[in-house]
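Here's the structure, in structure tokens; my notes come after.
Chain A is the first sequence line, chain B the second, and so forth, proteins listed ahead of strands; every chain is numbered from 1. Hydrogens, waters and symmetry mates play no part in the numbers below; they use all other heavy atoms, side chains included.
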Number of protein chains: 2
Amino acid sequence: MEDNKEQVEIKNKDLDEETLFVVSQTFKALGDPTRIRILNLLFHNEFSVNGIAETLHLRQSTVSHQLRFLKNLRLVKYRREGTTLYYSHDDEHVMNMLRQTIEHACHI
Amino acid sequence: MEDNKEQVEIKNKDLDEETLFVVSQTFKALGDPTRIRILNLLFHNEFSVNGIAETLHLRQSTVSHQLRFLKNLRLVKYRREGTTLYYSHDDEHVMNMLRQTIEHACHI
DNA sequence: CCATTATATGTATATATTAGTATATACTCA
DNA sequence: TGAGTATATACTAATATATACATATAATGG
């Protein structure tokens with residue numbers, strides 16, 4: 001108990017390298033308009049790579065690059081169907097943050 | 001009612017330029033380790049610019065640069081006392097997101 | 001196996017970001 | 001008013017990022 005409390009306080013004083021990296025990477029993922037548009041598209045439905053590209057008027061390679069970024073952070077996952085990969089979101093916490101911030105920005 | 005619902009649906013389909021900018025800027029603010037450390041320091045107390053610099057072992061100009069960034073987004077505010085400026089956080093929503101994500105990353 | 005389609009990757013490049021040095025500004029007090 | 005202190009800003013170099021084009025890989029149907 002005591003130890004745990006102290007741990008938290010130490011962490012509040014200065015964050016360790018790894019936490020800092022994970023947290024900043026997570027937010028960085030949401031810090032780009034293209035990635036936000038992709039995640040926003042994946043709110044309710046899954047989409048293929050080309051589906052995303054066509055819907056958002058982006059190049060296939062752009063989408064693929066960004067999906068790799070998001071996949072590395074486990075913010076999206078995919079399932080294969082033949083040659084097509086269907087991507088969907090994979091982190092409720094991050095998606096909730098995104099939704100809240102979008103709503104906040106929209107003054108809804 | 002009907003209209004409002006439809007509005008939301010349209011926004012979910014593709015976000016307007018301004019929302020996209022605001023949201024991405026907000027997350028970008030949290031997407032840098034130095035800014036995270038500064039905001040984390042300001043969780044409970046206010047700090048002067050030099051106070052932040054000394055505590056986090058950063059240059060004064062680095063801190064000042066980042067504080068300007070955070071101030072532009074209204075994530076921090078300051079009060080003056082003589083020549084000293086005391087900075088504190090100024091956005092509960094963003095600070096909550098930061099805290100939650102740090103805790104999430106720490107596995108607390 | 002070959003052609004076709006969907007996706008991923010390598011590489012180049014333009015742009016953005018970070019943080020350093022030096023300097024300017026703002027305030028206080030003697 | 002001038003020295004001293006706290007902070008902000010200009011300018012710059014190093015680095016990171018985003019995305020375009022070209023190409024590679026993977027799966028499928030014939």
Euclidean distance, atom CG of residue B:Leu73 to atom P of C:dT17 [Å, nearest integer]
11 Å
From C:dT7, C:dA19, D:dT28, nucleotide with atom closest to A:Ser48 side chain:
C:dT7
For B:Thr62, report the nucleic acid contact type (base, sugar-phosphate, nothing); a contact means any heavy atom under 4.0 Å.
sugar-phosphate
Options C:dC27, D:dT7, D:dA18, nucleotide nearest the side-chain atoms of B:Val49:
D:dT7
Under 4.0 Å between a side-chain N/O of A:Thr83 and OP1 or OP2 of C:dA6, yes or no?
no
Between A:Lys28 and B:Ser61, the residue closer to the 5' end of DNA chain D by nearest nucleotide is B:Ser61
Using a 3.5 Å distance criterion without hydrogens, assess whether the side chain of B:His104 forms a donor-acceptor pair with backbone atoms of B:Gln100.
no
How close or far is atom C1' of C:dT7 from atom CD of A:Glu54, stated in whole angstroms?
13 Å
A:Ile38 CD1 - D:dT19 P separation (whole Å)
9 Å
When rounded to whole Å, the CD to C1' distance for the pair B:Gln66 and C:dG20 reads 13 Å
Given atom CG of B:Asn72 and atom P of C:dA16, what is their separation to the nearest angstrom?
17 Å
Of B:Arg35 and A:Gln60, the one whose closest DNA chain C nucleotide lies more 5':
A:Gln60
With the side chain of B:Leu85 defined as its heavy atoms from C-beta on, choose the nearest nucleotide among D:dT19, D:dA8, D:dA6.
D:dA8
In Å, rounded to the nearest 0.5 Å, how long is the span from CG of A:Leu58 to CZ of A:Arg37?
5.5 Å
For D:dC21 and A:Arg59 - does any side-chain N or O of the residue sit under 4.0 Å from the phosphate oxygens OP1/OP2?
yes
When B:Asn50 and A:Leu58 are each assigned the nearest nucleotide of DNA chain D, the 5'-most assignment goes to B:Asn50
Taking atom P of D:dT23 as reference, at what distance in whole Å does atom NE2 of A:His65 sit?
15 Å
Over all strands shown, is B:Tyr87 touching base, sugar-phosphate only, or nothing at heavy-atom distances under 4.0 angstrom?
sugar-phosphate
Examine distances only and state if a side-chain atom of B:Thr55 and a backbone atom of B:Gly51 form a donor-acceptor pair shorter than 3.5 Å.
yes
Whole Å only: how far is the OH atom of B:Tyr86 from the P atom of C:dC27?
16 Å
Whole-Å distance separating the NZ atom of B:Lys71 from the C1' atom of D:dT9
11 Å
Report yes if at least one side-chain N or O of B:Thr84 is closer than 4.0 Å to OP1 or OP2 of D:dT5; otherwise report no.
no
Distance (rounded to the nearest 0.5 Å) between A:Asn40 CG and B:Leu20 CG:
8.5 Å
A:Tyr87 ring center near A:Phe47 ring center (under 6.0 Å):
no
